[in-house]
Amino acid sequence: MSIYDTLNEEQKRAVEHNKGPLLILAGAGSGKTRVLTHRIAYLMEKRGVNPWNILALTFTNKAAGEMRERVDNIVGYGSENIWVSTFHSTCVRILRRWIDTLGYDKGFTIYDSDDQKSLMREVCKYLQIDTKNLKERSLLSVISSAKDELITPEEYELRAVGDFTKQKYASVYKEYQKRLKSNNALDFDDLIFKTTELFQTSKEALTYYQRRFQYIMVDEYQDTNTAQFRLIKLLSDGINEEGSREHNLCVVGDDDQSIYKFRGANIFNILNFEKEYPQAKVIKLEQNYRSSKRILEAANEVIANNVGRKDKALWTDNSEGDPVRFTQFDRDSQEAESIVNEIAQNVQAGEDSYQDFAILYRTNAQSRIFEEKLVVKGIPYKIIGSINFYARKEVKDLLSYLKTIGNGLDSLAVKRIINIPKRGIGLATIDKVEEYAIGNGISFYEALRQADYIPGLQRAAAKISSFVSLIEILKSKIARPDYSISDLLEEIIEATGYIEDLKGQELENEDDRIEIIGELKSKIVAFEEAALEPPSLSDFLEEVALVSDLDNLAEDNNVVVLMTLHSAKGLEFPYVYLCGMEEGIFPSYMSIHAEDPETEIEEERRLCYVGITRAMKHLSLSACSQRMLRGETQFNRPSRFIREIPRYLLTMEQNPYNSNPFRSNSHASLVPEFNSRLQPAGVSRPAPGSFKGGANGSNLSASGIFDKNKNFTQAPKEFGGNNLGTIDYGIGDTVSHIKFGVGLVTNINNAGRDYEVTVDFSTAGTKKMMASFAKLKKLS
DNA sequence: TGCGTGATTGTTTTT
DNA sequence: CAATCACGCA
């Protein structure tokens, strides 16, 4: 029996597809990584393709690492010659070799978003742009979108004619790009952009890679942006020995999981693949191997509310599974505590371990309260993505030393550390040096070396030269072949007295900070040990620039993981808690109030689909009627996505913390149908001592229970009353249900604002349901 | 130059 | 509730 026999029919067809473009529409959990890895194996084993000629592109290092590992496992030999890497690393690798043709130095550094912001700050200062009105972040996002669309500063300027704001953006973009170049630095978007630029200017480079990459695979194709699309297209446009274009391009994606529009992802890349390549073969993978029937159905029902999707229907042979749970809490603290307690109980019961649980949320800020509760309970956990390790202050400081030593042209790094620890070199001095540097067309560091010639420095000049000689000494040391990066770091800490300085500052979390430095040391050591030959400083800096939090997930083994829905894509967990299912949180306030809410809500819905389909066995959704967000209390109604899940798939619970639901402080109804009109979630910014505004447009005003204009302090009291509608059936009556047909009412419970009715259906079995959802009709 | 204070202000998601 | 910023003082 061969390894290919374990594949289903469609998977097999995808794996065995011969030449020409192939689009694999792979639903969530349909085994797409399996198909990709088996296809690579198949190409090598059965079609004699040289591993050297295969390129597999992913978006995250984690995905790349997984694919590499799985390929290694099924391919006997030669797998190390396959290029399996992220778009960004691939581009870095190419640029390291060729970027001099674009006028950059091959030792370029990569700027992260903090660096970008610092640089943009300088640009704004230089161009005298008031960053009160135009924030650095928004300018950067304009530039980022331009780069995603492969628009150069010059083109941007051309398009900006007659538009004052755009002309301003154009000048910012130009200056920003100029400074990046003089710092010999590239930002994330440049990595892709410059690679396409390289391929368009250097026939030699393009031909080289076209010849090399005769088979190209792209994972998560729905997330590609225009620049990435162009890159793939250029690479796959090569001519084979017979002189024809084969386009051996295999892309895998799921339009329903396209969640990176904000980052420039162009969903038409996947929707129009067949137009771009009319000869393309399309294969759909619709069998899900991950989730229970109920979870999958919930996901299908939610995503069905989107229009303009590629037609597909996911199904599974897995068991029915437990119902999906929805719990409505009063407060975010209760939500967190309840979830954390539940995880603790489950683990204590012995069936499951911490790593089986994931807590997913829309925004990073929501992790905080969970962290609090997890710490109290002593549960091991890992929060992905909130702050990247390499973005920590201490780490950035020390890395800036490394960068300064490795690439003196990176002025940002030099400026960052010139006064860390304090050397008495202040802003005024830096400005003078900067002026001199610009005036003489030299780098900032070069200007520092000439400090003696800079007018007006006086005492600072001596301080600068001692800094320069420190760097120079370190530079000469790293040139020695036996001197490692970890030695260098050690030396930097020693020579600068960095740790002593840290201790001297008497910060409250001093120990954490020192521990972080230790962690950096061990990461460097690990990097050096993993390398086949002694890595260079720039190798390490490159690794650091491209690694994300998520990539290290496998390092911590048995922990509960917390992350955003975006980060969760591609992962799976037996238990998934999808929390903060509230209007204004998820879907986000931004999407509800966007210029084009329809489109934005669809993206949120895809995100919800991604979240639901992460769950294998147990899915628990929750919302809070009251939530603290950045120092203010929000009152939110349950998310519309809850309502999109059919009732018969859900069990609902309300305020488990209140034994008496009538005393609940809840301001939002559990019953989504109750608020038939969708309106913005209410946010109050109360003046001290007085609540005003409030749950505008919520069910409460709609129901007439209280008026928008009334004070909130009074509202909860008034809301004590019950909303129980009347039901015209009782225990023992026969009723009919729209989906389940005819059944016998066996029990009715008062569940706070609603009745929970238990019905014994002749065909569908016994179901518990909320009276207001079930719309039961009395028959006798 | 550097530090402390109070005020202001912000919010999605990330390679 | 943060993080950032302007301002004033040593």
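The chains referred to below are lettered A, B, ... by the order of the sequence lines, with proteins before strands, and numbering in each begins at 1.
In this structure, A:N225 reaches neither bases nor backbone, as no heavy-atom distance under 4.0 Å exists between it and the strands shown. Using a 4.0 Å heavy-atom criterion, one finds that A:T429 contacts the sugar-phosphate atoms exclusively. Nucleic acid contact for A:R121: sugar-phosphate only, since backbone atoms but no base atoms lie under 4.0 Å from a heavy atom of the residue.
A cation-pi contact, defined as under 6.0 Å to the ring centre and within 45° of the axis, links A:K415 to A:F444.
For A:D539, the side-chain contact (heavy atoms from CB on, under 4.5 Å) partners two or more places apart in sequence, or in a different chain, are A:F527, A:P535, A:S536. Looking at residues two or more places apart in sequence or on another chain, you find a ring pair (Phe, Tyr, Trp, His ring centres under 6.0 Å) between A:H88 and A:F188. Every residue two or more places apart in sequence or in another chain that forms a side-chain contact (heavy atoms from CB on, under 4.5 Å) with A:R263 is listed here: A:F59, A:Y260. Evaluation of the side-chain contact (heavy atoms from CB on, under 4.5 Å) rule for A:S400 yields A:A413, A:R416, A:I417 as partners, not counting sequence neighbours.
Rounding to whole angstrom units, OH of residue A:Y589 and P of B:dG10 are separated by 13 Å. The separation between A:Q634 atom CD and C:dC1 atom P is 15 Å, rounded to whole Å. Between the C1' atom of B:dT9 and the CG atom of A:L629 lies a distance of 14 Å, rounded to the nearest Å. Counting to the nearest Å, the C1' atom of C:dA3 and the NZ atom of A:K135 are 15 Å from each other. When the C1' atom of C:dA3 is taken as reference, atom CZ of A:R137 falls 12 Å away, rounded to whole Å. The interatomic distance linking A:E632 (CD) with B:dT8 (P) rounds to 16 Å, in whole Å.
With no hydrogens or angles considered, a side-chain donor-acceptor pair links A:Y498 and A:D397 at under 3.5 Å.
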Please write out the pairs of protein N or O atoms and N or O atoms of nucleotides 6-10 of chain C separated by less than 3.5 Å, giving the distance to one decimal.
none

Each nucleotide N or O in nucleotides 13-15 of chain B that has a protein N or O under 3.5 Å away: list the pair and distance.
from   : atom 1 : to     : atom 2 : distance (Å)
B:dT13 : OP1    : A:N364 : N      : 3.0
B:dT13 : OP1    : A:N364 : ND2    : 3.4
B:dT13 : O4'    : A:R362 : NH2    : 3.2
B:dT13 : O2     : A:R362 : NH2    : 2.5
B:dT13 : O2     : A:H566 : NE2    : 3.3
B:dT14 : OP1    : A:T564 : OG1    : 2.9
B:dT14 : OP1    : A:S567 : OG     : 3.2
B:dT14 : OP2    : A:N364 : ND2    : 3.2
B:dT15 : O4'    : A:R263 : NH1    : 3.3
B:dT15 : O3'    : A:F59  : O      : 2.4
B:dT15 : O2     : A:H88  : NE2    : 3.2

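A:W98 and A:Y209 have perpendicular rings, their planes meeting at more than 60° on a 0 to 90° scale where under 30° would count as parallel.
Between A:Q366 and A:I369 the shortest heavy-atom distance is O-CG2, 3.8 Å. Minimum heavy-atom separation, A:E335 to A:S622: OE2-OG, 2.7 Å.
Using C1' as the reference atom, B:dT12 and C:dC5 are 24 Å apart when rounded to the nearest Å.
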